[in-house]
Asker: 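A single structure is presented below for examination.
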Amino acid sequence: MRVVVAGYGMAGARVVSELRARGADVTAFGAETHRPYNRVMLSTLLAGKVREDDLTLAAPPPGADLRLGVPVTALDLARRVVVTPEGEQAYDALVLATGATAVLPPMDGVPAATAHVLRTLDDCRGILAAAGGARSAVVLGGGLLGLEAARGLAGCGLAVTVVHAGGHVMDRQLDPDGGHVLARTLRDLGVCVRVGARATAWTGDRLLLADGTAVPGDLLVVACGARPDTALARAAGLAVHRGVLVDDGLRTSDPHVYAVGDCAEHDGTVHGLVAPAWEQAAALADRLTGGTARYRGSRLVTRLKAGGIDLAAMGSVAPDPDAEVVTFADPARGTYVRLVIRGDRLAGAVLLGDNPSVGAVTQLYDRDAPVPADRRSLLFGRAFGAEPAAPAASPAFMPDHAVVCRCNSVPKAAITACWRSGARSVADVAAATRATTGCGGCADAVTGIVDWLSTVEPEVTV
């Protein structure tokens, strides 16, 4: 079977890797000239915490035919060929992994030389170049990407103001109380926040608001969300709603065409996160090589990757008369927890600030497992009336089944097995297991496990 992949970002690269691991004949076309990179870490690059080389994903597996800088420009479904600047390429199965494009608000002054989006590596380079001669910046959009960009720019030494039309920041993931605590934390970190503010125009040195006020800035970063890139699919006549519609087999309305990642809409949902894209890639590769895997959706955990902020949000925390809601707030310390429990399962949760129970809550949600009878143990990391648990002195106390890297579903046991097979560095472990190559939030944990393993005998069972 000849498989063609249109798009070679994080989703497309994973599809190619999964297919080649199963021996499939695959050709991939990527519009960008760069090797695939970790788009999730662009805000970390913006903050100067990593280098460009640190974002590069693994080289394509042997046998993959990769065409970088060669976009697919059209689909001919009847003839089963894709059209590119280099000519036509026939396929037996086509995988669309075209990703998403940044949403630009319909207002005067955008796009402009001093208005940027943060979607690609070239976008990040442009922002860094503009920030080099700037003293202040405005970020339009107080969602996940906007706040990550704001902290990145603040890390460059700029005075940053976030302007958000919603009533509180990250209003898709947080309830109002959690949003207010997060805004206070941001202000303490030097990022000003204006909510309930509708922007009307960008003049090049200030953002004009509907209430007649203006927010000055030397550059503007627009973070108003992303839209599935469905242009190829629409032009070819595939069924499209918000994204390219797919079933549990990731199949589109054409039986020979599939879609994964940010461009795909499954069961009414466009996920827009890397973990579901990689789950889809694995399921699709299995099906295209004779398997029966089905994609049933993903249980999402959103992490805010910004210096000085520790935030995990999962499921829905919206008011629900049939659910039990447990909350704790300490705004002065930047701490907020909200648990929404339906039956004896977590329907959603928000954990903001330093909270020792974040790992336990995340695993309960991931596994759809029963919550403990004493809910306060999930608020404070210990049972009520018990002495605070001392931090684990060694990763030896971490269960083997504990998931260390959520993006790639890598448990501690896999890292241990990898080390015993010869891996002796975090880079070696990442190459073998893909741990740390998603959002990067597990890097410290993986480093700790590798450092600990280097002090024990390989024969010791842990």
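Computed from a prediction, not measured in an experiment: that's the story for all the values here. Hydrogens, waters and symmetry mates are skipped; everything else that's a heavy atom, side chains included, is used. Residue numbers count from 1 along this sequence.
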Asker: Do you know the tightest heavy-atom contact between Gly348 and Val317?
Answerer: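 Looking at all heavy atoms of both residues, the closest pair is C-CG1, 3.9 Å.
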
Asker: Measure the shortest side-chain to side-chain distance between Asp171 and His164 over non-hydrogen atoms and say whether it is less than 4.5 angstrom.
Answerer: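 In contact.
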
Asker: Holding to salt bridge (Lys or Arg N to Asp or Glu O under 4.0 Å), I want the full list of residues that pass it with Asp320, two or more places apart in sequence or in another chain.
Answerer: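 In terms of salt bridge (Lys or Arg N to Asp or Glu O under 4.0 Å), with neighbours along the sequence ignored, Asp320 is linked to Arg342.
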
Asker: Tell me, please, which residues at least two apart from Arg194 pass salt bridge (Lys or Arg N to Asp or Glu O under 4.0 Å).
Answerer: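 Expected list: Asp211.
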
Asker: Checking Glu18 now: which residues fulfil salt bridge (Lys or Arg N to Asp or Glu O under 4.0 Å) with it, not counting sequence neighbours?
Answerer: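 If we apply the salt bridge (Lys or Arg N to Asp or Glu O under 4.0 Å) test to Glu18, skipping adjacent residues, the hits are Arg22, Arg434.
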
Asker: Holding to ring pair (Phe, Tyr, Trp, His ring centres under 6.0 Å), I want the full list of residues that pass it with Tyr8, two or more places apart in sequence or in another chain.
Answerer: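 Ring pair (Phe, Tyr, Trp, His ring centres under 6.0 Å) check on Tyr8 returns nothing, list empty.
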
Asker: Does the distance from a Lys or Arg side-chain N to an Asp or Glu carboxylate O, for Asp262 and Arg119, drop under 4.0 Å?
Answerer: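 Salt bridge between Asp262 and Arg119, a charged N being under 4.0 Å from a carboxylate O: yes.
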
Asker: What's the separation between atom CG in Leu57 and atom CE in Met41, rounded to the nearest 0.5 Å?
Answerer: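 Rounded to the nearest 0.5 Å, the CG-CE separation comes out at 11.0 Å.
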
Asker: Measure across Ala281 and Val260 and return the closest heavy-atom pair with its distance rounded to 0.1 Å.
Answerer: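 The answer is N-CG1, 4.5 Å.
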
Asker: Any chance the side chains of Ser298 and Glu279 put a donor and an acceptor closer than 3.5 Å?
Answerer: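 A pair is found: one side chain offers a donor N or O, the other an acceptor, under 3.5 Å apart.
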
Asker: Among all residues two or more places apart in sequence or in another chain, which pass the side-chain hydrogen bond (donor to acceptor under 3.5 Å, both in side chains) test with Arg242?
Answerer: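 With sequence neighbours excluded, Arg242 shows a side-chain hydrogen bond (donor to acceptor under 3.5 Å, both in side chains) to no residue whatsoever.
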
Asker: Is there a donor in the side chain of Asp175 and an acceptor in the side chain of Tyr336, or the other way round, less than 3.5 Å apart?
Answerer: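 The criterion, which ignores hydrogens and geometry beyond distance, is satisfied for Tyr336 and Asp175.
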
Asker: Write down the atom of Ala214, the atom of Leu208, and the distance for their closest heavy-atom approach.
Answerer: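 Where Ala214 meets Leu208 most closely, the heavy atoms are CB-CD2, 3.7 Å.
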
Asker: Quick one: list whatever passes salt bridge (Lys or Arg N to Asp or Glu O under 4.0 Å) with Asp248, sequence neighbours left out.
Answerer: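 By the salt bridge (Lys or Arg N to Asp or Glu O under 4.0 Å) rule, Asp248 matches Arg294, Arg296.
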
Asker: Rounded to the nearest 0.5 Å, what separates atom CG in Leu189 from atom CG in Leu147?
Answerer: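 If I round to the nearest 0.5 Å, the distance is 11.0 Å.
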
